[in-house]
Amino acid sequence: MDSFVMASARRWCRRLHYSGWSRVLFLLTLLLAIGFLVRNYWQVRDDSGTREEMSNIGEKKYAQSIQELLAQGIDEKRMREALRHKAEEVHRIVKERGEALAKEEKAKEAQAKANVVRTNIHNPKFNPEIRHTWKAAENAAHDGIEDEKQHPEYYLTFKRLMEAKKCPACFGESLCEQADVGIVTVDIADKKLQHKGVYFGRFKNTDVVAKRLADKDDWRRLDEFICQNASVPTDCDVSDMISRTILVTDDVLQVSWLQNAWKIAHTRRSIALEACMTDRLAELIKTTYDENANGKLSKTERAYMLTTLLMNTEAAVLKHFTARSEEAWPFPKYLGACGRVIFVESGGKLLGSTLESPWKERAKIALQLLDMIDKFRNGDPNWLVIFFDFRYDNFAVNDYGRLTLIDFDDVMLIDRKKSVTEEKTEPCNLKCFKAFLAEVEGYVMISDSYCADVPKYSQMMYAVACVRLLSHLPEHVSHPNPMDPKPKRDTPEGVVKPPGLLWGPPEHEAKELEVLLRGCFEEKVAGGRLEAVEKLRALLRRNVK
């Protein structure tokens with residue numbers, strides 16, 4: 001047979017005029033093809049024999065099982081029916097499993113294709129003229145995403161809200177495990193404060209508030225910075241790339257760097273805490289994020305800390321004052337974070353909801369507000385808390401009447417060791433306060449000398465609180481508010497704001513209350529405001545007993 005094949009091959013080579021190496025290559029190729037056909041033939045034959053043998057074995061075992069069951073006295077008809085149902089069930093399970101595996105494989109291929117498309121569509125190496133082709137391919141691979149953009153209310157989920165997959169480029173992961181198993185829940189459908197990134201939920205038996213603390217554009221700018229600083233495309237995996245950036249190095253803990261870090265994620269300065277940053281404040285924040293208290297921050301801890309400082313320092317402030325400090329502060333308790341959401345205890349209803357409450361209840365809240373300012377000024381030997389944004393939406397009152405501050409965007413921590421005397425030697429009223437606010441507005445250029453002088457204006461927190469939240473006097477409730485250095489232009493003149501918490505006092509307290517509210521707002525001599533505040537607190541104490 002072989003000699004016949006070889007002779008035939010030589011004749012074909014002579015007919016085709018093959019000679020030399022060409023003839024050798026032809027013969028080798030022919031032999032390989034013949035060998036391949038022979039191997040397949042025997043393999044198919046062996047497989048058929050194996051299947052037939054297995055089938056025979058299966059039939060024998062099946063018949064043997066029947067005989068054994070019959071020997072035990074089981075009805076043959078019922079037994080065969082049961083076996084048939086069992087076989088059908090097994091067949092169904094195998095079929096469903098096969099279909100599920102096929103779907104998984106198909107989904108993986110689609111995701112891989114989408115990832116390639118998403119990477120290439122942003123690659124500057126591609127010609128802009130053909131970029132629309134990539135965009136069309138991406139849209140075809142993500143029909144669901146397009147539908148989600150049109151109907152976001154149907155697709156927003158708790159997990160997407162937290163974005164835990166981007167950690168450690170996030171606030172932390174201390175509550176992620178509880179969120180995964182349902183111990184922490186959030187009502188995504190409640191959209192009352194969605195525009196502020198605020199949602200309500202439950203943690204164990206406690207009402208909680210989930211806060212995003214920054215809008216999606218700010219987060220997008222942070223993600224782009226991480227990718228650019230890691231020298232990779234701007235749609236990179238930030239959870240992996242943040243460890244390769246400057247954000248996890250000692251360079252970012254320099255005061256000069258932290259004071260300008262807001263530019264990374266924000267188009268305007270909106271983080272007050274960093275405006276008067278000092279080495280001691282940086283060390284305080286570093287200690288707050290040292291979870292194992294070993295004096296060193298891991299790369300993950302540094303990533304949590306810098307993400308907080310770049311996006312919104314509320315998490316750091318609450319973590320220090322409510323989780324680390326031994327003092328009780330009028331802030332909601334910090335519970336933890338998962339991804340790009342922090343969780344705090346609910347403060348209750350907004351302060352404005354108490355304006356119709358009885359006088360005694362409103363007097364208690366007003367007293368708490370003045371005590372809160374005193375706490376800001378004198379509650380910590382190392383730090384002075386400065387806050388001037390006294391609005392009804394920034395405070396909450398719980399079911400027990402406890403008042404808490406719930407918005408920390410404008411909270412500043414002033415290092416007492418870096419500041420001068422904390423009291424002015426001459427009266428400070430509207431004119432001097434507006435000059436102070438004009439310098440601090442936007443927190444764009446803050447000098448060390450300015451930060452050292454901030455404590456001199458700390459008593460103005462009483463003035464702002466009195467005129468914005470407490471006073472019911474006609475000159476204080478008119479719009480524009482005398483304590484707004486730049487009133488909103490879109491608000492018509494003559495619009496009256498809420499009457500203030502202290503409206504409708506008892507007749508025997510009315511005249512004294514008016515005098516003290518005016519003294520709280522405007523002092524005649526240095527120290528006059530503080531004296532009026534002390535008398536106002538005494539009046540309120542008399543009325544809440």
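Side chains included, hydrogens not; waters and symmetry mates left out as well; all remaining heavy atoms used. Here, residue 1 is the first one in the sequence, and each next residue gets the next number. Predicted model only: the values in this text are computed from it and were never measured.
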State whether Asp223 and Arg340 are salt-bridged, where the test is any N-O pair (Lys NZ or Arg NE/NH1/NH2 against Asp/Glu carboxylate O) under 4.0 Å. yes
Going by the side-chain hydrogen bond (donor to acceptor under 3.5 Å, both in side chains) test, name the single residue among Asp409, Thr307, Asp218 that passes it with Asn312. Asp409
Closer than 3.5 angstrom, by distance alone: can the side chain of Glu301 be matched with the main-chain N or O of Glu291 as a donor-acceptor pair? yes
Show the nearest heavy-atom pair for residues Asp380 and Arg416, with the distance to one decimal. O-NE, 2.8 Å
All heavy atoms of Gly339 vs all of Cys170, minimum pair found to be O-CB, 3.1 Å
Would you check if the side chain of Glu224 reaches a backbone N or O of Thr234 as a donor-acceptor pair within less than 3.5 Å? no
Any luck finding a side-chain donor-acceptor pair between Glu173 and Tyr304 under 3.5 Å? yes
Are the side chains of Met460 and Cys428 in touch, meaning some heavy atoms are under 4.5 Å apart? yes
Could you check whether any side-chain N or O of Thr404 sits under 3.5 Å from a backbone N or O of Ile406, counting only pairs where one atom can act as donor and the other as acceptor? no
Measure across Arg212 and Leu161 and return the closest heavy-atom pair with its distance rounded to 0.1 Å. NH1-O, 2.7 Å
Are Asn394 and Phe408 close enough, and set up right, to give a side chain to side chain contact (heavy atoms under 4.5 Å, CB included), and what steps lead you there? CA-CA 8 Å; Asn394 291 341; Phe408 295 80; over 6 Å; no
Between the side chains of Arg244 and Asn229, does any donor sit under 3.5 Å from an acceptor? no
Mind telling me whether Phe395 and Phe390 have parallel, tilted or perpendicular rings, with 30° and 60° as the class edges? parallel
Can you tell me if CD on Glu177 sees more than 12 non-hydrogen neighbours from other groups inside 6.0 Å? no
From CA spacing to verdict: side chain to side chain contact (heavy atoms under 4.5 Å, CB included), Asp415, Asn382: CA-CA 6 Å; Asp415 191 342; Asn382 297 309; 5.7 Å; no
Does a sphere of radius 6.0 Å around CG in Asn292 hold more than 12 heavy atoms from other residues, nucleotides or ligands, not counting ones at 6.0 Å or beyond? yes
Verify, without hydrogens or angle tests, whether Asp290 (side chain) and Lys286 (backbone) share a donor-acceptor contact under 3.5 angstrom. no
Cut-off 3.5 Å, side chains only: do Thr308 and Tyr289 have a donor facing an acceptor? yes
Just by modelled atom types, is the Ala316 backbone N or O under 3.5 Å from a matching donor or acceptor in the Thr313 side chain? no
Say you draw a straight line from CD1 of Ile386 to SG of Cys276; how long is it, rounded to the nearest 0.5 Å? 9.0 Å
From CA spacing to verdict: salt bridge (charged side-chain N to carboxylate O under 4.0 Å, His left out), Glu283, Arg280: CA-CA 5 Å; Glu283 190 62 30; Arg280 283 213 315 154; over 6 Å; no
Please examine the side chains of Val385 and Met412, heavy atoms only from C-beta on, and report whether any two atoms are closer than 4.5 Å. no
Locate the shortest heavy-atom distance separating Glu523 from Arg529; write the atom from each residue and the value. OE1-N, 3.0 Å
Find the distance between CZ (Phe225) and NZ (Lys263) and round it off to the nearest 0.5 Å. 13.0 Å
Heavy-atom side-chain contact between Leu213 and Ile342 under 4.5 Å: yes
With a 4.5 Å cut-off on side-chain heavy atoms, are Leu351 and Leu501 touching? yes
Are more than 12 heavy atoms, taken from residues, nucleotides or ligands other than Lys375, located less than 6.0 Å from that residue's NZ atom? yes
Residues two or more places apart in sequence or in another chain: which of them pass ring pair (Phe, Tyr, Trp, His ring centres under 6.0 Å) with Phe321? Trp329, Phe331
Considering all heavy atoms, the nearest Ser458-Leu384 contact: CB-CD2, 4.2 Å
If I compare all heavy atoms of Phe343 with all of Val184, which pair ends up nearest, and what's the gap? CE2-CG1, 3.6 Å
Distance from Thr278 atom OG1 to Ile414 atom CD1, nearest 0.5 Å? 9.0 Å
Any donor and acceptor pair, going by atom type alone, linking the side chain of Thr322 with main-chain N or O of Tyr334 inside 3.5 Å? yes
Is Leu403 close to Met372 at the side-chain level, that is, under 4.5 Å between some pair of heavy atoms? yes
Option among Asp187, Asp207, Thr185 that satisfies the side-chain hydrogen bond (donor to acceptor under 3.5 Å, both in side chains) test with Arg202: Asp207
Got a donor-acceptor contact below 3.5 angstrom from the His476 side chain to the Leu469 backbone? no
Applying side chain to side chain contact (heavy atoms under 4.5 Å, CB included) to Asp180 and Lys159, what does each step give before you reach the verdict? CA-CA 9 Å; Asp180 286 341; Lys159 285 190 175 181; 4.2 Å; yes
Between Asp250 and Arg302, does at least one N-O distance fall below 4.0 Å, as a salt bridge requires? yes
Test your reading of the model: is there a side-chain donor-acceptor pair from Thr288 to the backbone of Leu284, 3.5 Å cut-off? yes
Could you tell me whether the side chain of Arg221 and the main chain of Ala265 form a donor-acceptor pair under 3.5 Å? yes
Compare all side-chain heavy atoms of Leu517 with those of Leu502 and state whether any distance is below 4.5 angstrom. yes
Do Phe171 and Trp219 have ring centroids that are under 6.0 Å from one another? yes
Are the gamma sulfurs of Cys176 and Cys167 separated by less than 2.5 Å? no
Mind checking what makes side chain to side chain donor-acceptor pair (under 3.5 Å) contact with Gln178, not counting sequence neighbours? none
Walk me through it: do Leu175 and Phe203 pass the test side chain to side chain contact (heavy atoms under 4.5 Å, CB included)? CA-CA 10 Å; Leu175 287 183; Phe203 175 40; 4.0 Å; yes
